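These figures come from a predicted structure and were not determined experimentally. If you read the sequence from its start, that first residue is 1, and numbering goes on from there. As a basis for the values below, the full set of heavy atoms in this structure was taken, side chains included, without hydrogen atoms, waters or symmetry mates.
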Amino acid sequence: MILFKNAVYLGKTVDLLITENTEENASHGFAFDADDGLHRGYRNYGENYGKQGGRIVALGENIPAPQNCTVLDMQGKILFPSLIDVHVHFRDPGMEWKEDIDTGLEAALHGGYSHVFCMANTSPVNDNEGITRYMLEKARNTHPYGPFLHPVAAATLGLKGEELTPLGEMAEAGCTAVSNDGIPLYSTEIVRRVMEYGSDLDMLFIDHCEDPYLARGAHMNEGKLSAKLGVKGQPDMGEALQVGRDIMLSEYLQIPVHIAHVSCRKSLDLIKRAKERGVDVTAETCPHYLLLDENALDNYNTNAKVNPPLRTWDDVLAMREAVKTGLIDCLITDHAPHAEHEKENPLDMVPNGISGLDTALTLLWRLVHEGIFTQEDIVRAYTVNPAKRFKLPCNTFAKGDTADFFFFDPDIEWTADKENFHSKSANTPFLGQTMHGRVCTHYIGGKKVL
């Protein structure tokens with residue numbers, strides 16, 4: 001067993017005691033529970049999970065060290081349960097110069113993540129069981145003890161929005177969610193069939209909400225700044241229209257839906273009213289929608305070009321309040337790495353996306369330091385809620401929970417640049433900024449992975 005002393009969790013100094021192996025689990029009466037989420041994705045996990053994995057024994061003040069126990073002093077370090085990111089892009093297969101599964105998982109590991117959900121817009125697209133099995137095998141070979149990769153099945157063949165993928169085969173291969181992320185589904189009939197087919201397979205539908213007509217050719221938020229820069233903008237209504245469509249379909253079909261990367265107040269208003277009516281809808285957002293507005297694109301800053309685009313400061317305030325109140329269920333990175341040369345073009349020619357796994361927690365901790373969020377807000381939206389929604393094992397530090405956790409050192413100072421990123425790419429609007437705080441030690445399933 002290992003006893004971690006003097007860490008800080010939710011503002012209190014605590015000790016944490018964990019088991020490391022099957023024998024120690026047995027001595028504490030821990031057994032594999034088929035209802036703890038492991039059964040859904042058992043092929044995605046390593047041997048440090050289930051019966052053989054470490055479990056939480058106790059979290060509290062002044063825990064005495066058992067016999068033959070390793071004791072580690074973590075004074076000044078912040079304790080977190082491992083984070084769960086249900087929306088990343090690893091570009092593998094096909095675009096490994098941006099990122100591959102190995103480097104993507106390494107960035108996730110150092111960012112504090114135990115589970116990541118990889119979207120299907122690879123090349124070739126993850127629209128068949130062969131691609132799914134390739135992704136899982138590579139993840140197991142490069143990171144056998146985690147973080148654990150969960151491939152998200154493409155909703156339609158080639159993400160073209162025309163024909164449904166063989167979701168049954170992909171579920172059998174290891175997919176537990178489905179999405180057409182990156183390319184909006186314009187056909188309501190297709191969306192309905194994906195929701196129904198996915199629901200039969202217990203695959204949650206994650207939708208990229210963007211009106212394909214209002215958003216066509218847009219490169220930023222529509223407003224005074226886009227007019228000033230002479231750049232075609234996307235109105236917030238372009239997002240909200242499809243949020244409303246998905247909510248109505250979910251309510252009519254009585255099938256859950258998860259709204260991807262929400263960016264604006266209009267979408268939040270629709271989600272709030274839907275939840276009040278009892279619609280089974282959840283939503284996610286990213287750190288950049290909580291920190292930056294459209295002015296980050298002034299002077300044609302290509303590293304701030306994302307989709308959906310950065311909105312107004314009023315939208316930023318609305319997004320912060322939505323995370324605080326729980327209206328936004330999950331935090332994600334929408335990690336979208338691109339090579340440096342791809343962002344060195346005019347704004348209307350560069351791809352959308354921010355490389356976020358290396359910086360997300362550090363940026364969120366900045367908001368904690370400013371009193372906007374608490375650590376509890378981050379834990380709820382980045383661990384508890386995604387685990388519940390996507391049916392994953394969750395560490396709440398209750399006795400018997402899977403020992404997924406890390407320590408964050410708020411005193412580490414570092415610069416956001418390619419040399420300090422574990423991702424292959426450093427396309428971020430925070431490039432060159434001094435960052436405060438970083439993950440220093442990480443355990444997944446009771447095994448030290450960092």
Side-chain angles (χ1 to χ4, degrees), residues 85 87-111 113 116-128 130-144 146-154 157-160 175 179-183 208 219 260-261 286-288 297 300-307 309 332-360 414-433:
D85 194 330
H87 193 138
V88 302
H89 303 265
F90 279 176
R91 313 302 190 193
D92 186 355
M95 295 174 280
E96 290 87 353
W97 68 89
K98 301 173 187 272
E99 190 81 284
D100 59 42
I101 286 171
D102 183 12
T103 58
L105 288 175
E106 196 65 17
L109 170 64
H110 285 81
Y113 301 88
V116 291
F117 281 63
C118 291
M119 292 297 160
N121 56 344
T122 49
S123 180
V125 170
N126 182 25
D127 60 5
N128 64 81
I131 301 298
T132 299
R133 295 186 191 280
Y134 159 82
M135 295 172 72
L136 286 172
E137 182 178 2
K138 189 166 184 179
R140 284 191 294 264
N141 288 339
T142 62
H143 288 77
F148 302 118
L149 182 148
H150 303 267
V152 176
L157 293 175
L159 298 175
K160 294 178 180 179
C175 292
S179 179
N180 222 65
D181 186 67
I183 303 177
H208 173 110
H219 304 285
H261 40 52
C286 316
H288 44 270
L297 282 98
Y300 306 95
N301 181 4
T302 58
N303 274 329
K305 183 182 177 184
V306 288
N307 191 29
I332 61 156
T333 56
D334 193 10
H335 178 72
H338 294 292
E340 187 175 359
H341 71 271
E342 294 177 292
K343 286 285 190 174
E344 294 178 340
N345 286 297
L347 189 65
D348 60 352
M349 296 176 62
V350 302
N352 296 297
I354 290 173
S355 179
L357 286 171
D358 286 280
T359 59
W414 59 286
T415 303
D417 57 30
K418 193 164 186 178
E419 287 68 32
N420 288 314
F421 273 39
H422 296 278
S423 169
K424 279 187 179 180
S425 300
N427 50 297
T428 170
F430 304 98
L431 194 66
Q433 290 189 20

Starting from the C-alpha separation in whole Å, work towards a yes-or-no answer on side chain to side chain contact (heavy atoms under 4.5 Å, CB included) for T359 and W414. CA-CA 11 Å; T359 59; W414 59 286; 4.0 Å; yes
Let's go through N303 and I354 carefully: what are the C-alpha distance in whole Å and the side-chain angles of both, what is the deciding distance for side chain to side chain contact (heavy atoms under 4.5 Å, CB included) to 0.1 Å, and is it a yes or a no? CA-CA 7 Å; N303 274 329; I354 290 173; over 6 Å; no
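The minimum heavy-atom distance linking P337 with S355 is given by the pair CA-CB, 4.3 Å. Nearest approach of A120 to V152, heavy atoms of both residues: CB-O, 3.4 Å. Residues P287 and I332 come closest through the heavy atom pair CD-O, 3.0 Å.
Residues passing the side chain to side chain contact (heavy atoms under 4.5 Å, CB included) test with A304, sequence neighbours excluded: A296, L297, N301, L310, P429. Residues that satisfy the ring pair (Phe, Tyr, Trp, His ring centres under 6.0 Å) test with Y113, not counting sequence neighbours, are Y382. Shown here are the side chain to side chain donor-acceptor pair (under 3.5 Å) partners of T428, two or more places apart in sequence or in another chain: there are none. Not counting sequence neighbours, the partners of N420 by the side chain to side chain donor-acceptor pair (under 3.5 Å) test are D417. Scored by the side chain to side chain contact (heavy atoms under 4.5 Å, CB included) test, H143 finds D102, L105, E106, P147 as partners (sequence neighbours excluded). For T103, the side chain to side chain donor-acceptor pair (under 3.5 Å) partners two or more places apart in sequence, or in a different chain, are E99, D100. Listed by chain and number, the residues in a ring pair (Phe, Tyr, Trp, His ring centres under 6.0 Å) with H110 are H422 (sequence neighbours excluded). Residues passing the ring pair (Phe, Tyr, Trp, His ring centres under 6.0 Å) test with F430: none are found, sequence neighbours excluded. Taking H89 as the reference, H87 meet the ring pair (Phe, Tyr, Trp, His ring centres under 6.0 Å) condition, with sequence neighbours excluded. Partners of P144 according to the side chain to side chain contact (heavy atoms under 4.5 Å, CB included) rule, which considers only residues two or more places apart in sequence or in another chain, do not exist here. Contacts of N128 classified as side chain to side chain contact (heavy atoms under 4.5 Å, CB included), with partners at least two apart in sequence or in another chain: I131.
Although no hydrogens or angles enter the test, the distance criterion places a donor-acceptor pair under 3.5 Å between the side chain of T122 and the main chain of P124. Between the N126 side chain and the T132 main chain, a donor and an acceptor come within less than 3.5 Å of each other. With hydrogens and angles disregarded, a donor-acceptor distance shorter than 3.5 Å links the side chain of D127 to the backbone of G158. Counting only distance, with no hydrogens or angles, the side chain of D85 and the backbone of A108 share no donor-acceptor pair below 3.5 Å. Counting only distance, with no hydrogens or angles, the side chain of R91 and the backbone of W97 share no donor-acceptor pair below 3.5 Å.
Atom CE of M119 and atom CZ of F90 lie 11.5 Å apart (nearest 0.5 Å). The NZ atom of K305 lies 9.0 Å from the NE2 atom of H338; values are rounded to the nearest 0.5 Å. Rounding to the nearest 0.5 Å gives a distance of 3.5 Å between SG of C118 and CG of L149.
Listed by first and then second residue, the side chain to side chain donor-acceptor pair (under 3.5 Å) pairs that reach into residues 341-354 are K98-E342, sequence neighbours excluded.
Residue-environment remark: CD (E340) stays at or below the threshold of 12 foreign heavy atoms within 6.0 Å.
Looking only at side-chain heavy atoms (C-beta outward), V116 and H335 stay at 4.5 Å or farther from each other. Between N180 and H208, every side-chain heavy-atom pair lies at or beyond the 4.5 Å cut-off. Between D334 and V306, every side-chain heavy-atom pair lies at or beyond the 4.5 Å cut-off. The closest side-chain heavy-atom distance from C286 to T333 is not below 4.5 Å.
With hydrogens and angles left out, the side-chain atoms of D92 and Y134 include a donor and acceptor closer than 3.5 Å. Looking at D181 and H261, their side chains do bring a donor and an acceptor atom within 3.5 Å of each other.
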